[in-house]
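Below is one structure, written out as structure tokens; comments come after it.
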Amino acid sequence: MPKVAVPETDDRMRAFAEKVFGCDTKDEDIREEISLFDVAEDCPILNQELAHHITTDDDIERRKKHIIRAQEGFASLMEEKPTYLEVPHFQRVAITGDYAAGVTMDDFELACKGLYRALNIREKYMRLAFQRYPSTTSHFLRKIEGEVWKPEDQVQPVFTPPPAAGEDPLDAKSLPPNLGYVARMRDGVIYVYKDSAAADKHEPLPLPTPDLTTFIDDMNFLIALIAQGPTKTYTHRRLKFLRSKFNVHEMLNEMEEMKELKNNPHRDFYNCRKVDTHIHAAACMNQKHLLRFIKKSYRVDADRVVYSAKGKEMTLKELFGSLNMHPYDLTVDSLDVHAGRQTFQRFDKFNAKYNPVGASELRDLYLKTENHISGEYFATIIKEVASDLEDARYQYAEPRLSIYGCNPNEWTKLSGWFIKHRVYSPNLKWMIQVPRIYDIFRGRNFVPHFGKMLENIFLPVFQATIDPHANPELSLFLKHVTGFDSVDDESKHSGHMFSTKSPKPEKWDIAKNPSYTYYIYYMYANIAILNQLRKERGMNTFQFRPHCGEAGAVTHLLACFMTADNISHGLNLKKSPVLQYLYFLTQIPIAMSPLSNNSLFLEYNKNPLLEFHQKGLMVSLSTDDPMQFHYTKEPLMEEYAIAAQVFKLSTCDMCEVARNSVLQSGLSHQEKVHFLGEHYLKEGPEGNDIRKTNVAQIRMAYRYETLCYELNLIQDGVKATNNKGVKVAGNEELRAALVWKSSLITARLVLSVSACIPSQCDHSLRGPEPTNSMMQCDGKMLQDLEA
């Protein structure tokens with residue numbers, strides 16, 4: 001926990017967070033015009049309130065002291081950093097005078113305190129799961145606390161290095177010995193015990209584990225923070241400033257950046273490494289590739305038995321005959337796997353596109369790992385895609401394979417497919433995706449409760465970690481897995497509010513899907529403990545990289561701010577300035593797929609990719625599903641080319657995005673050293689080798705100095721707040737009113753709208769209702785504030 005005084009999560013804050021969460025889990029379409037998390041550009045209430053604060057409430061002397069202290073602090077900060085001899089001279093954008101223009105000092109200090117605690121919350125959960133946290137941000141947090149930042153305190157995920165020349169990547173001889181431990185699930189989390197007797201007494205090994213009550217407490221604080229008026233105003237203005245600052249920087253230094261790149265021998269955009277950080281294995285080929293393979297397989301294997309239905313075996317020729325078609329007559333149009341206008345806002349129709357010519361039989365045969373021919377065709381297609389990547393040389397991909405949690409044998413079958421067909425390529429880094437479809441499994445009685453689904457997903461991995469020789473194929477496969485993903489349609493609302501009173505996974509036995517946050521927490525909790533065990537054994541660890549922010553509630557992004565190493569999509573960040581600013585401060589990587597979004601949720605020209613890039617968020621480009629969205633043999637280059645044309649990206653912009661993709665990916669430390677330079681873990685120009693990345697040092701210096709400046713503002717605000725000491729404590733009630741003034745008024749507006757809509761939530765699964773005393777307290781505060 002932070003060592004500097006921060007706002008505590010009291011009962012009032014919890015009650016307010018539950019109200020916000022409750023409103024946010026309802027259908028967003030009913031309240032499009034009233035958002036708890038956004039700030040309107042021309043809000044008359046906001047403008048009037050700011051004018052009143054500036055003329056009556058603000059402390060001029062305090063503001064002057066802040067300005068002087070901030071200027072001195074930032075000057076000393078720049079003196080402490082080494083001089084970047086390799087950074088050419090460029091024109092810096094400097095702001096002098098009132099750096100918190102339009103925000104009162106009370107609001108500024110309040111916002112800084114909340115942001116400081118939020119940064120500490122993410123750091124805590126990242127360290128617990130051996131996931132990344134930027135050293136620059138960590139350095140500032142230690143400075144605020146009066147401590148010295150140590151590089152050895154930083155944690156990094158561990159990935160399997162590439163095999164040496166002549167070494168077999170699927171060799172089982174180097175597996176470590178059996179530890180003899182026992183793994184069992186309790187309350188949705190796998191614990192590791194020394195033996196069965198310790199397991200019976202629930203005496204687990206001392207592996208650090210996340211605490212549910214603390215997690216809910218932290219989540220409630222963040223929910224209240226992102227709905228808090230002063231913090232929304234401050235972050236909204238900082239984000240506007242960041243975007244404007246980048247535009248000015250580009251106007252002043254674009255030619256200097258281009259000069260750097262022109263003087264960089266050998267390297268250009270085409271031969272700098274780039275990673276497709278979000279792609280699904282079942283759609284990793286383009287539609288023409290799939291059509292060509294179907295026709296080829298028919299020419300070669302027409303009389304081969306490839307399918308079994310209702311106990312009857314069928315040859316490939318008989319299968320196509322039963323579908324009343326001949327492969328020769330197929331075209332990309334009749335194959336009908338490409339998404340188009342008809343899939344916009346229709347995730348169900350998009351999922352149907354995975355069935356070639358609308359036939360699930362062809363999907364089972366060509367795009368599944370488990371079928372009558374043991375997934376041979378699917379493995380061949382993936383190896384052909386990998387061969388194309390190897391020929392391109394500078395492109396890599398991270399395809400997702402599915403584990404559903406329907407039964408514990410899924411891991412054995414998947415790893416057996418991987419080893420049998422040797423689906424290995426140095427240009428592929430594998431990830432496991434877990435679809436959020438518990439409600440379907442429970443409705444068909446495949447699993448008795450949600451806890452069983454979690455157990456089927458994670459227990460085999462724990463057992464293979466404890467005793468690799470018991471299942472050598474799975475142990476080998478896990479060496480090449482870099483992370484877990486959580487996938488499904490985010491726009492579906494469960495109506496459940498995750499809280500301490502939510503049923504434990506073993507008690508969740510109804511045919512209703514838990515909330516997104518419920519899934520995220522229990523996946524993260526198991527991954528965190530698993531990483532602790534694997535790190536202790538010297539094995540590779542796993543990142544948590546869920547789909548998040550493509551649609552649905554803003555609270556999805558909040559849950560992933562706490563738990564995820566990086567996310568895919570992130571479109572809804574534009575709805576919450578506080579979360580967007582936090583994602584910037586912590587440099588959370590976001591794999592964005594504008595072509596995919598264009599066919600499903602958001603038109604291309606409205607995609608926030610350019611806006612996020614300009615503000616300094618760490619974005620990368622990915623394809624998602626080439627079979628549905630792309631036309632060429634190199635879908636990732638297609639994605640870059642279209643983005644460059646639509647958003648008018650410069651060469652430096654594209655190389656920066658490509659560098660981000662390598663940093664975000666599951667490539668090993670050795671590979672990143674080779675692709676980015678030996679100092680890639682350092683941030684700013686020190687960590688950039690222009691000879692390998694083709695990113696201008698001017699750009700890297702600008703990004704680093706901008707991040708330091710924003711963190712320095714928060715440092716200054718937190719220190720000023722704590723220096724006031726007794727004064728703050730003596731005005732607790734007044735400050736409490738100031739904290740929630742904007743939030744409560746906004747909540748009242750939203751709740752008045754929501755009250756008119758019948759709730760579809762299952763009340764037995766909702767969190768605790770606000771008590772009468774809480775409601776009276778909030779009502780009294782509203783009356784006082786309105787008066």
Side-chain angles (χ1 to χ4, degrees), residues 82-90 159 161-165 249-250 253-277 386-398 425-429 589 613 618-623 632-645 647-704:
T83 303
Y84 307 126
L85 298 176
E86 295 183 8
V87 180
H89 172 75
F90 68 100
F159 303 119
H249 164 81
E250 201 169 37
N253 299 293
E254 185 174 14
M255 297 308 296
E256 291 300 316
E257 288 182 345
M258 182 55 67
K259 183 180 178 181
E260 267 197 272
L261 302 188
K262 287 181 177 179
N263 291 333
N264 187 30
H266 174 66
R267 195 69 61 189
D268 56 30
F269 169 71
Y270 287 94
N271 64 8
C272 65
R273 263 71 177 195
K274 51 196 76 70
V275 182
D276 192 345
T277 47
S387 177
D388 290 341
L389 290 174
E390 290 169 25
D391 290 342
R393 188 176 176 183
Y394 299 102
Q395 297 178 43
Y396 295 75
E398 298 184 292
S425 167
N427 290 60
L428 296 180
K429 302 297 175 182
H613 173 69
M618 190 178 184
V619 295
S620 66
L621 276 168
S622 58
T623 60
T632 66
K633 188 178 180 181
E634 296 187 45
L636 185 59
M637 291 298 288
E638 188 178 340
E639 196 82 45
Y640 275 92
I642 294 173
Q645 293 291 337
F647 297 129
K648 296 181 172 58
L649 300 178
S650 67
T651 301
C652 190
D653 291 329
M654 295 172 70
C655 291
E656 184 183 7
V657 171
R659 180 179 183 272
N660 288 346
S661 74
V662 177
L663 287 171
Q664 174 181 350
S665 72
L667 291 170
S668 67
H669 172 71
Q670 292 81 350
E671 289 167 304
K672 288 178 180 176
V673 166
H674 181 57
F675 300 157
L676 302 179
E678 59 179 325
H679 300 299
Y680 79 92
L681 286 174
K682 294 182 179 179
E683 293 171 11
E686 281 188 293
N688 180 53
D689 187 342
I690 189 174
R691 298 168 301 174
K692 295 177 179 292
T693 65
N694 203 44
V695 180
Q697 291 290 68
I698 290 176
R699 176 66 59 86
M700 295 300 297
Y702 166 79
R703 294 293 192 198
Y704 180 70

If you measure from [atom1] on [X] to [atom2] on [Y], what distance do you get to the nearest 0.5 Å?
| X | Y | atom1 | atom2 | result |
| --- | --- | --- | --- | --- |
| D276 | L428 | CG | CG | 10.0 Å |
| E260 | C652 | CD | SG | 8.0 Å |
| H613 | L649 | NE2 | CG | 6.5 Å |
| L676 | E671 | CG | CD | 11.0 Å |
| R273 | N694 | CZ | CG | 12.5 Å |
| N253 | R699 | CG | CZ | 9.5 Å |

Do M700 and T693 have side chains that get closer than 4.5 Å, going by heavy atoms?
-> no

The single option from Y394, Y270, F269, F647 that satisfies ring-ring contact (aromatic ring centres under 6.0 Å, His included) with Y640 is F269

Could you pull out the closest heavy-atom pair between [X] and [Y], with the gap in Å?
| X | Y | result |
| --- | --- | --- |
| E256 | H89 | OE1-O, 4.4 Å |
| T651 | L261 | CG2-CD1, 4.0 Å |
| S668 | F159 | CA-CB, 3.9 Å |
| S661 | T277 | O-CG2, 3.5 Å |
| A397 | L389 | CB-CD1, 3.8 Å |
| I690 | A696 | CD1-CA, 4.1 Å |

Kindly say whether K633 contributes a backbone atom to a donor-acceptor pair with the side chain of D388 at under 3.5 angstrom?
-> no

Expected output: side-chain N660 to main-chain V619 donor-acceptor under 3.5 Å =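 Present.
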
Only counting residues at least two apart or in another chain, list the ones meeting salt bridge (Lys or Arg N to Asp or Glu O under 4.0 Å) with E639.
->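 Partners of E639 under the salt bridge (Lys or Arg N to Asp or Glu O under 4.0 Å) test: none.
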
Partners passing salt bridge (Lys or Arg N to Asp or Glu O under 4.0 Å) against R703 (at least two apart in sequence or in another chain) =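 R703: salt bridge (Lys or Arg N to Asp or Glu O under 4.0 Å) contacts with E656.
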
For residues Y702 and F90, establish whether the separation of their ring centroids is below 6.0 Å.
-> no

Using side-chain contact (heavy atoms from CB on, under 4.5 Å) as the criterion, list what pairs up with D689, not counting sequence neighbours.
->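 Residues passing side-chain contact (heavy atoms from CB on, under 4.5 Å) with D689: R691, K692.
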
Q395 and side-chain hydrogen bond (donor to acceptor under 3.5 Å, both in side chains): which partner among E390, K274, E634?
->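 It is E634, the one option of E390, K274, E634 that forms the side-chain hydrogen bond (donor to acceptor under 3.5 Å, both in side chains) with Q395.
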
With Y680, which of H669, R659, K672 fulfils side-chain hydrogen bond (donor to acceptor under 3.5 Å, both in side chains)?
->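 Among the candidates, only H669 passes.
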
What do the steps show when you test D653 against E250 for side-chain contact (heavy atoms from CB on, under 4.5 Å), and what is the final call?
-> CA-CA 10 Å; D653 291 329; E250 201 169 37; 3.5 Å; yes

Judged by modelled atom types alone, do N688 and Q697 share a side-chain donor-acceptor pair under 3.5 Å?
-> yes

Check whether the side chains of E398 and S665 place a donor and an acceptor atom closer than 3.5 Å, and report yes or no.
->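 Judged by distance alone, the side chains do not pair up.
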
Verify side-chain contact (heavy atoms from CB on, under 4.5 Å) between V275 and Q664, making sure each step is shown before the conclusion.
-> CA-CA 9 Å; V275 182; Q664 174 181 350; over 6 Å; no

